[in-house]
Amino acid sequence: MNLEQKIYKKLLEVPKGQITTYGELAKAVGLKNGQRAVGKIMNKNPHPVIIPCHRVVMSTGKIGGYAYGKHVKAKMLSDEGIEIKDGKILDWEDRVYRF
DNA sequence: CGGCTGGCGTCGT
DNA sequence: TACGACGCCAGCC
């Protein structure tokens, strides 16, 4: 199974209403510092809707980027009950899903 | 808080 | 096949 497949699978483990970081996700698939690699994969996401890549945020608490626009990402997140303030997630540390 | 550098896989020459 | 550029970062200064 290639890397992206593993990433997608791991990401599917994140329940609705919770989030994870690129770094955590990267480590979850065996990468120590592959956050950026993960970002690349997400960007090349072949399954836009099936893969909840909007539940992945930066370790700083910001929502990070999104292939279809960060505003869309923020929208989806708030739609799942996650509040966003100026691109940052409120109490995101309490919503992070630990693998 | 803004800017610079490090590190990793994928994609396009 | 090999090399350099790039991306939805992270961390230090």
Side-chain angles (χ1 to χ4, degrees):
Chain A
M1 182 183 291
N2 54 38
L3 185 60
E4 47 187 86
Q5 289 299 309
K6 295 198 298 186
I7 294 178
Y8 299 147
K9 189 170 183 177
K10 276 294 178 184
L11 186 53
L12 288 175
E13 290 181 24
V14 182
K16 179 180 179 182
Q18 285 191 254
I19 59 181
T20 185
T21 67
Y22 293 94
E24 287 294 316
L25 191 56
K27 286 188 293 185
V29 295
L31 296 179
K32 300 172 183 176
N33 301 42
Q35 327 85 352
R36 223 152 170 204
V38 174
K40 183 72 174 178
I41 301 296
M42 301 310 265
N43 182 257
K44 286 296 179 181
N45 191 336
H47 309 294
V49 185
I50 305 179
I51 307 301
C53 42
H54 58 278
R55 291 179 189 161
V56 186
V57 302
M58 303 199 296
S59 65
T60 58
K62 295 186 178 184
I63 66 176
Y66 194 65
Y68 298 91
K70 54 190 67 176
H71 47 83
V72 177
K73 184 173 182 177
K75 175 65 178 178
M76 298 179 82
L77 286 174
S78 64
D79 201 60
E80 295 190 357
I82 299 176
E83 299 178 59
I84 309 295
K85 177 67 176 180
D86 294 319
K88 295 190 187 65
I89 298 177
L90 301 182
D91 302 321
W92 68 278
E93 299 176 293
D94 194 59
R95 301 169 180 280
V96 178
Y97 175 78
R98 310 293 178 180
F99 291 104

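Below, read A as the first sequence line, B as the second, and so on, with proteins coming before strands; counting in each chain starts at 1.
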Checklist entry - Does Lys16(A) use its side chain to pair, donor to acceptor, with the backbone of Glu80(A) at less than 3.5 Å? => result no
Checklist outcome for this item: Output for pair (Met76(A) CE, Tyr66(A) OH), nearest 0.5 Å, gives 4.5 Å
Checklist entry - Any sub-3.5 Å donor-acceptor pair from Lys10(A)'s side-chain atoms to Val29(A)'s backbone N or O? => result no
Item to check | Pair pattern of DNA chain B in dot-bracket, where unpaired bases get dots and | marks partners in another strand, Watson-Crick or G-U under 3.5 angstrom | outcome: .|||||.||||||
Item to check | Other residues, nucleotides, ligands: >12 heavy atoms within 6.0 Å of Glu83(A) CD | outcome: no
Checklist entry - Using a cut-off of 4.0 Å between protein heavy atoms and nucleotide atoms, how would you tag nucleotides 8-13 of chain B 5' to 3' with B, S and -? => result BBS---
Item to check | Spacing between Lys73(A) atom NZ and dG7(C) atom C1', to the nearest angstrom | outcome: 13 Å
Checklist entry - With a 4.0 Å cut-off on heavy atoms, is Gly23(A) in touch with a base, just the backbone sugar-phosphate, or nothing at all? => result sugar-phosphate
Checklist entry - Of all heavy-atom pairs between Pro52(A) and Leu12(A), which one has the smallest distance, and what is that distance? => result CD-CD2, 3.8 Å
Item to check | Sub-4.0 Å heavy-atom contacts from residues 81-94 of chain A onto DNA chain C, ordered by number | outcome: none
Checklist entry - Is the backbone N or O of Thr60(A) less than 3.5 Å from a side-chain atom of Lys88(A), with the two atoms forming a donor-acceptor pair by type? => result no
Checklist entry - Side chain of Arg55(A), backbone of Val14(A): donor and acceptor closer than 3.5 Å? => result yes
Checklist entry - Considering residues, nucleotides and ligands other than Asn2(A), do more than 12 of their heavy atoms fall under 6.0 Å from its CG? => result yes
Checklist entry - How far does OG1 of Thr21(A) sit from NZ of Lys27(A), to the nearest 0.5 angstrom? => result 7.0 Å
Checklist entry - Just how far is it from atom CD1 of Ile89(A) to atom CD1 of Ile19(A), taken to the nearest 0.5 Å? => result 3.5 Å
Checklist entry - Rounded to the Å, how far apart are Lys70(A) NZ and dG7(C) P? => result 13 Å
Checklist entry - dC1(B) P sits how many Å from Met58(A) CE, rounded? => result 13 Å
Checklist entry - Does a sphere of radius 6.0 Å around OH in Tyr68(A) hold more than 12 heavy atoms from other residues, nucleotides or ligands, not counting ones at 6.0 Å or beyond? => result no
Checklist entry - Closer than 4.0 Å, any side-chain N/O of Ser59(A) to the OP1 or OP2 of dA10(C)? => result yes
